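Numbered from 1 within each chain, the chains take letters A, B, ... in sequence-line order. All figures in this text were calculated on a predicted structure; none of them were measured in a lab.
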Protein chains: 2
Amino acid sequence: MKKDDISTEEKIINASIELFSEKGFDSTKTSEIAKNAGVAEGTIFRYFKTKKDILMSIVTKAIQFFSEKFIVLPLNKVLHSEKPEEEILADLLKDRYEMISKNFSIIKVIGTEALTKEKIREKLVEHIAIKTLEIGEEFYQNGIEKGIFRDLPPRTVVRSLFGSIMMLIAEQQFFPHDKKSKDVDKEISTIVEIFMNGIKSRKEQ
Amino acid sequence: MKKDDISTEEKIINASIELFSEKGFDSTKTSEIAKNAGVAEGTIFRYFKTKKDILMSIVTKAIQFFSEKFIVLPLNKVLHSEKPEEEILADLLKDRYEMISKNFSIIKVIGTEALTKEKIREKLVEHIAIKTLEIGEEFYQNGIEKGIFRDLPPRTVVRSLFGSIMMLIAEQQFFPHDKKSKDVDKEISTIVEIFMNGIKSRKEQ
DNA sequence: CCTCCAAGTGAGTGCTCACTCATTTTTATT
DNA sequence: AATAAAAATGAGTGAGCACTCACTTGGAGG
């Protein structure tokens with residue numbers, strides 16, 4: 001009889017994500033994973049050949065999951081929308097913000113490991129970064145052609161937008177204020193405002 | 001007689017920074033540090049009580065160094081300059097870009113470890129993040145009062161600018177193109193352009 | 001109720017690696 | 001040149017931890 005309809009493998013994976021994101025991969029002992037997952041240490045090695053296999057399994061599955069949620073979905077939502085660009089952008093950033101916040105543990109694990117492990121970095125680039133950039137650049141390029149956006153290098157615009165959102169998330173995650181979600185909406189619309197209209201005051205207007 | 005006028009301690013520190021930034025703290029063996037530094041393994045422990053002490057020494061020194069270079073210097077340069085705001089911003093970003101790029105190894109080490117080690121994160125926040133934000137916000141607030149900048153939340157503007165620069169650096173560091181430094185200047189002036197004037201095309205103008 | 005097998009267990013093992021310390025080498029002092 | 005002190009060495013040690021394996025448990029099928 002299953003306790004919770006959650007498989008042993010999932011219990012191990014979930015415990016690992018939590019611990020890896022808290023303490024890092026190397027500082028997490030397999031004995032801790034076992035304890036947190038509520039299984040014996042030996043059980044772990046019936047599902048994963050090595051500790052590193054747990055990490056790679058997490059990374060591979062997550063990248064697959066995100067490459068769908070991050071790319072296929074927004075591609076249709078964003079590129080074929082009839083809303084004004086301002087709203088599309090706000091929707092997109094909000095979407096991204098929520099997705100990243102909700103999955104922050106796992107993203108933190110992947111991000112941390114990507115810094116020192118080329119193999120993980122390559123997967124991230126190949127399956128996430130390149131495609132995300134391509135879609136973003138295409139969106140911006142379309143905007144230029146429609147006369148909505150100024151003729152600036154799309155790559156730079158997209159990268160800067162992404163950096164702005166990432167820093168917002170980092171701030172929220174690492175210095176959590178007890179703020180309401182309304183502030184997030186406001187932050188995001190401010191970011192959209194900055195990118196759309198700039199920060200320079202226009203006296204002549 | 002000293003070989004190079006570089007002390008044993010410095011040799012150990014330098015080797016550690018290089019290895020930590022490449023492979024991460026945990027995956028770096030003290031034997032490797034010794035080999036790279038050109039000293040015996042035992043020598044390391046005459047200068048540092050533990051391996052972790054090496055890391056903490058690196059972090060502490062670097063944070064001290066950066067809190068001067070990043071804060072005192074720009075405070076005077078930026079807040080008391082007579083140049084137009086556009087140029088100040090470009091100078092500032094260029095300055096930051098070069099500082100971070102030049103010291104990327106050590107910044108990568110601190111950043112990586114800050115993700116999982118609260119103690120390091122706290123130091124980073126206390127000595128770098130808060131002060132940097134304060135100065136940036138003050139600069140922007142002044143600009144608002146002078147009628148140069150629009151009345152947007154300074155924190156959001158500064159954070160987004162920082163995110164944009166960090167992503168530029170990340171791209172350069174992790175997918176190094178054989179680009180010339182001219183591209184960097186162009187990237188930075190594009191970022192300034194985006195922030196000053198926004199991306200929206202102004203037909204009426 | 002018995003049989004069988006997959007799933008789970010956890011004490012034990014061996015290997016890796018941070019750290020020690022008795023010894024050697026270098027430097028400073030007279 | 002002699003002596004003392006400081007610095008450096010690296011083989012050795014022990015602790016921690018990933019992983020193993022002989023054994024137990026649970027439950028499906030007859």
Given side chain to side chain donor-acceptor pair (under 3.5 Å), test B:K131 with B:S67 step by step and report yes or no. CA-CA 8 Å; B:K131 289 183 192 167; B:S67 83; 5.3 Å; no
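- Note: CD (A:E9) to P (C:dA6) measures 18 Å, nearest angstrom.
- Between A:K35 atom NZ and D:dC17 atom C1' the separation is 15 Å, expressed in whole Å.
- Atom CD1 of A:I12 and atom C1' of D:dA18 are 14 Å apart (whole Å).
- Here the closest heavy-atom approach between residue B:I144 and residue B:L152 is recorded as CD1-O, 3.8 Å.
- Of the options B:I191, B:T190, B:I194, a side chain to side chain contact (heavy atoms under 4.5 Å, CB included) to B:S164 is made by B:I191 and by none of the others.
- One N or O on the side chain of B:S16 and one on the backbone of B:I12 form a donor-acceptor pair closer than 3.5 Å.
- Atom pair B:L55:CG and C:dA18:P shows a separation of 13 Å (rounding to whole Å applied).
- Each of B:I110, B:I54, B:L124 was scored for a side chain to side chain contact (heavy atoms under 4.5 Å, CB included) with B:V59, with one residue passing: B:I110.
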What does the list of N/O pairs under 3.5 Å between the protein and nucleotides 19-21 of chain C look like, with a distance for each?
{"from": "C:dC19", "atom 1": "OP2", "to": "B:K51", "atom 2": "N", "distance (Å)": "2.5"}
{"from": "C:dC19", "atom 1": "N4", "to": "B:E41", "atom 2": "OE2", "distance (Å)": "3.4"}

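- Between the CD1 atom of A:I33 and the P atom of D:dC19 there is a distance of 10 Å, given to the nearest Å.
- When the side-chain nitrogen and oxygen atoms of B:Y47 are compared with OP1 and OP2 of D:dA8, one or more of them lie within a distance under 4.0 Å.
- Only B:T28, B:K29, listed by number, bring a heavy atom of residues 13-29 of chain B to less than 4.0 angstrom from any atom of DNA chain C.
- Taking atom CD1 of A:I44 as the reference point, atom P of C:dG8 lies 12 Å away to the nearest angstrom.
- Between A:E134 and A:I130 there is a side-chain heavy-atom pair separated by less than 4.5 Å.
- Aromatic ring pairs are classed by plane angle as parallel below 30°, tilted from 30° to 60° and perpendicular above 60°; the pair B:F20 and B:F25 is perpendicular.
- Screening A:N14, A:I63, A:I13, A:I17 for a side chain to side chain contact (heavy atoms under 4.5 Å, CB included) with A:I106, the sole residue that qualifies is A:I17.
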